[in-house]
Undergrad: 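Shown below is the structure under consideration.
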Amino acid sequence: MEGTPGHGRKRKGRAGSTVILIIAIVVLVIALWRLIPLLLDYRQSQDTYQDLQGEIVGLDPDSTDTSDEPWNAYDWASVTIDFNALWQINPEVVGWIRFDDTDAVPVDYPIMYSGDNDKYLRTDLYGESHTSGSIFLEAANSPDFTDIYNIIYGHNMRNGTMFGSLKQYKRDENFYDANPYFTIYTPLGAFRYAIFGYADVKDDSDIYRVGFVPDQTYKQQIDIMLASSDRNTGIVPTVDQQTVTLSTCTSTGDNYRFVVYGVCVENKLY
């Protein structure tokens, strides 16, 4: 008995669809198998630092600030960092970096220094392995932040942690106007930085040179930073002002980095 025309083709079509579905399911399972541990790692690292922030960051009870703004967003000089508690966790903590509005720019972390730019790439201050690693100071810089020019590194995390939120400066032209400052706290005092530029630069750029003194060579370094910036902020550092570059990865390319430049405009010494 002859079969119905096209019947065999339909069965083959169903079989083909089943194979495609199975392959898709396998691909999805493999993707989830790889993604879920990464997301859990992100979350664990985020929780770790949030818990730390709650324990370490405080407000000076003797502050005379009368601002109506919430202290955790704007009163930079009244913020206190418990370095003794941090050193009990890890003696390689050398500072703390904090943006004014930590909701918009959730950068609120200890700064590590080991003299090795690889150590804290994937390690937190507790010595635990995490994809997000730590914020750390350039190995060639002095750990007491006495250099006239410093570089601080942090990962560009997709969930916005570490230096992942810095990319908003180049994505939103209004972001800078709302977030033009950050503060670095050290055992010696609080140092207020005004952002004077940001840019994508090559990883072999002169931006990554350190070891300057307040002279004409340092002036040339400042000029390089200003010339590379995507935005003219109108702020021009002088040779006697300390500057810092915050460096992270960028989607521009593997051999590029996104940097934010800050100049110290005020300080509160302890």
Side-chain angles (χ1 to χ4, degrees), residues 45-46 48-60 63 65 67 69-83 86 93-112 124-125 132-137 145 150-186 189-199 225 229-231 233 235 237 241-250 257-268:
S45 178
Q46 184 176 3
T48 295
Y49 282 106
Q50 284 181 344
D51 291 343
L52 185 70
Q53 291 155 8
E55 297 170 1
I56 300 299
V57 182
L59 176 64
D60 184 354
S63 172
D65 180 77
S67 171
E69 303 291 355
W71 74 268
N72 63 328
Y74 299 101
D75 190 13
W76 67 273
S78 296
V79 173
T80 62
I81 304 297
D82 190 345
F83 281 102
L86 284 170
V93 175
V94 294
W96 190 284
I97 183 170
R98 194 170 201 269
F99 276 67
D100 291 359
D101 186 350
T102 53
D103 289 330
V105 193
V107 175
D108 193 12
Y109 298 106
I111 303 171
M112 312 304 297
D124 68 12
L125 83 162
S132 56
S134 300
I135 304 298
F136 62 94
L137 180 65
F145 284 96
N150 298 279
I151 303 173
I152 300 174
Y153 302 100
H155 283 301
N156 178 13
M157 303 304 293
R158 293 181 181 179
N159 62 355
T161 57
M162 294 298 153
F163 281 173
S165 59
L166 298 186
K167 55 180 171 282
Q168 296 299 322
Y169 283 99
K170 64 176 179 178
R171 290 183 176 179
D172 180 357
E173 62 181 13
N174 297 317
F175 194 78
Y176 169 80
D177 296 324
N179 302 280
Y181 296 99
F182 62 89
T183 307
I184 293 177
Y185 300 87
T186 78
F191 299 86
R192 182 73 160 164
Y193 291 84
I195 295 173
F196 67 92
Y198 47 85
M225 289 189 281
S229 179
D230 293 340
R231 178 173 183 148
T233 64
I235 301 172
Q241 287 181 296
Q242 186 189 63
T243 57
V244 62
T245 289
L246 310 182
S247 176
T248 190
C249 296
T250 178
R257 300 291 181 267
F258 180 66
V259 293
V260 172
Y261 306 127
V263 56
C264 189
V265 293
E266 196 173 357
N267 65 68
K268 176 185 176 182

Undergrad: Measure from the side-chain N and O atoms of Y185 to the backbone N and O of W76, and report whether any donor-acceptor pair falls under 3.5 Å.
TA: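 Here the side-chain-to-backbone pair exists.
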Undergrad: Taking all heavy atoms of S134 and all of M112, pick out the closest pair and write down the distance.
TA: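 Nearest heavy atoms, S134 then M112: CB-CG, 3.8 Å.
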Undergrad: Exactly one of I135, T80, T186, I56 should register a side-chain contact (heavy atoms from CB on, under 4.5 Å) with W96. Which one does?
TA: I56
Undergrad: Would you call the rings of F99 and Y169 parallel, tilted or perpendicular, taking 30° and 60° as the class edges?
TA: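 Aromatic pair F99/Y169 classed tilted.
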Undergrad: Which residues satisfy the ring pair (Phe, Tyr, Trp, His ring centres under 6.0 Å) test with F136, sequence neighbours excluded?
TA: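 Partners of F136 by the ring pair (Phe, Tyr, Trp, His ring centres under 6.0 Å) criterion, ordered by chain and then number, come out as Y153.
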Undergrad: Ignoring hydrogens, what is the shortest heavy-atom contact between D230 and A199? Give both atom names and the distance.
TA: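 So the minimum-distance heavy-atom pair works out to OD2-CA, 3.7 Å.
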Undergrad: Indicate the atoms forming the closest heavy-atom contact of N159 with T161, along with that distance.
TA: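 Shortest heavy-atom separation between N159 and T161 comes out as OD1-OG1, 2.7 Å.
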Undergrad: Please report the shortest heavy-atom distance between R231 and E173, naming the atom on each side.
TA: NH1-O, 2.8 Å
Undergrad: Who passes ring pair (Phe, Tyr, Trp, His ring centres under 6.0 Å) against F191, sequence neighbours left out?
TA: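 Scan of F191 (ring pair (Phe, Tyr, Trp, His ring centres under 6.0 Å), adjacent residues dropped) gives none.
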Undergrad: Just wondering, more than 12 heavy atoms not from F175 lying within 6.0 Å of its CZ?
TA: yes
Undergrad: Ignoring hydrogens and geometry, is there a side-chain-to-backbone donor-acceptor pair from R192 to A77 under 3.5 Å?
TA: no
Undergrad: Using 30° and 60° as the class boundaries, would you call the ring planes of Y176 and Y198 parallel, tilted or perpendicular?
TA: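 Correct class here is tilted.
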Undergrad: Can you check whether A104's main-chain N or O pairs, donor with acceptor, with Q168's side chain at less than 3.5 Å?
TA: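 It does not hold such a pair.
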Undergrad: Looking at every heavy atom in both H155 and T248, which two are closest together, and how far apart are they?
TA: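 Closest heavy-atom pair between H155 and T248: C-OG1, 3.2 Å.
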Undergrad: Within the side chain of S165, is there an N or O that forms a donor-acceptor pair under 3.5 Å with the backbone of V105?
TA: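 Between the backbone of V105 and the side chain of S165 there is no qualifying donor-acceptor contact (under 3.5 Å).
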